[in-house]
Number of protein chains: 2
Amino acid sequence: MSPKDKVMHTKNVKTLHAIQSEVENTNRIALSVDCVIFGFDENKLKVLLIRSDLKKYSGKWSLLGDLVFPKEDLDAAAYRILKQRTGLSDVYLEQVHTFGSVNRHPAGRVVTVTYCSLINVQHHKINILDNELHWHDIKTVNDLAFDHQQIFDNCLKQLQKRVQEHPLGFNLLPKKFSLRDLQNLYEAILDIKMDRRNFRKKFFTMDLLIDLNEIEQDASHRPGKLYAFNYEKYEKKQKKWVGIDF
Amino acid sequence: MSPKDKVMHTKNVKTLHAIQSEVENTNRIALSVDCVIFGFDENKLKVLLIRSDLKKYSGKWSLLGDLVFPKEDLDAAAYRILKQRTGLSDVYLEQVHTFGSVNRHPAGRVVTVTYCSLINVQHHKINILDNELHWHDIKTVNDLAFDHQQIFDNCLKQLQKRVQEHPLGFNLLPKKFSLRDLQNLYEAILDIKMDRRNFRKKFFTMDLLIDLNEIEQDASHRPGKLYAFNYEKYEKKQKKWVGIDF
DNA sequence: TCAATAATGTGTGTATTTTACACATTAAAT
DNA sequence: ATTTAATGTGTAAAATACACACATTATTGA
């Protein structure tokens, strides 16, 4: 992703009117995507939200979404939203769940496919001048518009589960990070405290971190060593996944 | 579920023509659900398939699906398919993934939400007179119509994962089962062999099986004891789910 | 300059879980 | 009654998870 990528905040995004014309007076089902975009900043897990453009939900925040174009792949629609709102391409994006209750959307029958995305806020920060967009600490997210609270809760739970099974977290960190950064990330996502020494041991025995032989700059005390995630090595590994446990 | 439930095989199910009229000459997206219905019989994991009604795919098998009605909840549509095809209600049903490539369906733009269902084939067997429907051994499933092979593969993988984390498997067994039945089930789903003694220990230490103080009938050798799954006790448990491992 | 401070980095012992494997018991079949 | 092929039970080693102690390093500030 390059900093030259322009951010298109509200351009090309269908509004309430578009949605209504899509479903109004028809017996059709409209299809949308909604993206739950996570970031990690100041040791807090954050989510990118936009002010709702519906009167009924004025003052409320909502997820970033749009209708799917008729000749657009579903995943492509999600990538489009992401690019529009963050200027970023080549980011982690995964489908989570589809919400399709008849009355979930006030403008009519809109079924929405939700996606979870993890981005590095440092790459995005420079672009967030639009005050319609805001990074919210996930701990303060409540009362979103529509059924977006439910969607968000579902997505967060999925993230908490997936981050323990796959190396997704690194998408939220800079390429170079300290063990403390990594632990702070996991503690923020899982909302728990972990033992520093066992956490370290865990990741070292996985043997998927590249020691960069560099140390943190600007640390107020003893600086930690910097690491990068070894994606190549991870790809070669095949997880032994059998273990009944419920 | 009662045996009085009638099975409606092809009635009320939209055909190719209906799909085409839904999407033809419009710039709209049609929405369907597809159900991957698993059963367990003769110690093999099976999936319920139907002969494709499209010429292009004649001779091929496909999943059970239908368009979603405009005023029908998404989950309700999936339940409707299940009821139509198996006569069963109150069965395990969970959404898995939504497939939305532009060209995935030959009749036009149809986005499909896939569901995974687990049923007891003993409850269904009596109704399967329609030779359009057939239980296929999952090991022989290949070359399904449309993108249904991809959908099936995805669903099976999800099942393999979920069955290790949640007590889903019991939906495929009779209420009373032996430890050997249970192990056969897991071996069929996961496609692995497991140590009989460790498997037994695993489930006994979980302490979620009710000893019915009954033994198998008609066993050709020493009969095993029968058990039932303790759903009540399971509901009360809360899994300790923290453990980074990838 | 140098001790106090607050981090990082390393190690150790215990408990728990997983894994591999041996032997006794039971009911059916011959 | 003996053989057979299951079920039911136990035991020890290996691997993993967990709790916690101590040394090291860079910064801070008196």
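Just so it is clear: chains get the letters A, B, ... in the order the sequence lines come, proteins before strands, and each one is counted from 1.
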Next on the checklist: Without decimals, in angstroms, what is the distance between B:Met194 CE and C:dT19 C1'?
Outcome noted: 12 Å
Checklist outcome for this item: Separation of D:dT27 atom P from A:Glu216 atom CD, nearest Å, is 11 Å
Next on the checklist: According to salt bridge (Lys or Arg N to Asp or Glu O under 4.0 Å), does anything in residues 169-182 of chain A pair up with another residue at least two apart or in another chain? List the pairs.
Outcome noted: A:Lys176-A:Glu214
Next on the checklist: What residues from residues 175-186 of chain A pass a heavy-atom cutoff of under 4.0 Å to DNA chain C?
Outcome noted: A:Arg180
Item to check | Contacts of B:Asp191 that satisfy salt bridge (charged side-chain N to carboxylate O under 4.0 Å, His left out) - sequence neighbours left out | outcome: B:Lys139
Item to check | Residues forming a salt bridge (charged side-chain N to carboxylate O under 4.0 Å, His left out) with B:Asp75, sequence neighbours excluded | outcome: none
Checklist outcome for this item: Applied to residues 161-174 of chain B, the salt bridge (Lys or Arg N to Asp or Glu O under 4.0 Å) test, sequence neighbours excluded, yields A:Lys161-B:Glu165, A:Glu165-B:Lys161, B:Glu94-B:Arg162
Checklist entry - What residue pairs, at least two apart or across chains, pass side-chain hydrogen bond (donor to acceptor under 3.5 Å, both in side chains) with a residue in residues 218-228 of chain B? => result B:Asp211-B:Lys225
Item to check | Close side-chain approach of A:Thr98 and B:His97, heavy atoms under 4.5 Å | outcome: no
Item to check | Gap between atoms CG and P, on B:Asp218 and D:dA6 respectively (whole Å) | outcome: 17 Å
Checklist entry - What's the CG-P distance between B:Asp245 and C:dT17, to the nearest Å? => result 16 Å
Next on the checklist: In this structure, how many angstroms lie between the P atom of D:dT16 and the CZ atom of B:Phe246, rounded?
Outcome noted: 16 Å
Item to check | A:Lys202 vs D:dA17: side-chain N/O to OP1/OP2 distance below 4.0 Å | outcome: yes
Item to check | B:Val47 and B:Val36, any side-chain heavy atoms less than 4.5 Å apart | outcome: yes
Just distance, no hydrogens or angles: give the donor-acceptor pairs under 3.5 Å from side chains in residues 201-209 of chain B, sequence neighbours left out.
residue, atom, partner, partner atom, Å
B:Lys202, NZ, A:Ile244, O, 3.1
B:Thr205, OG1, B:Lys201, O, 2.9
B:Thr205, OG1, B:Lys202, O, 2.9
B:Asp207, OD2, B:Lys233, NZ, 2.7

Checklist entry - Could you give the CE-to-P distance, from A:Met206 to D:dA17, as a whole number of Å? => result 9 Å
Checklist entry - In whole angstrom, what separates A:Phe204's CZ from C:dG11's P? => result 11 Å
Checklist entry - Between C:dG9 atom P and A:Leu226 atom CG, what is the distance in whole Å? => result 9 Å
Next on the checklist: Strictly by ring pair (Phe, Tyr, Trp, His ring centres under 6.0 Å), give each pair with a member in residues 137-169 of chain B just once, sequence neighbours left out.
Outcome noted: B:Tyr57-B:Phe146, B:His105-B:Phe146, B:Phe146-B:His148
Next on the checklist: Output one letter per nucleotide in nucleotides 21-30 of chain C: B when a protein non-hydrogen atom lies under 4.0 Å from the base, S when only the sugar-phosphate is that close, - when neither is.
Outcome noted: BB--BBSS--
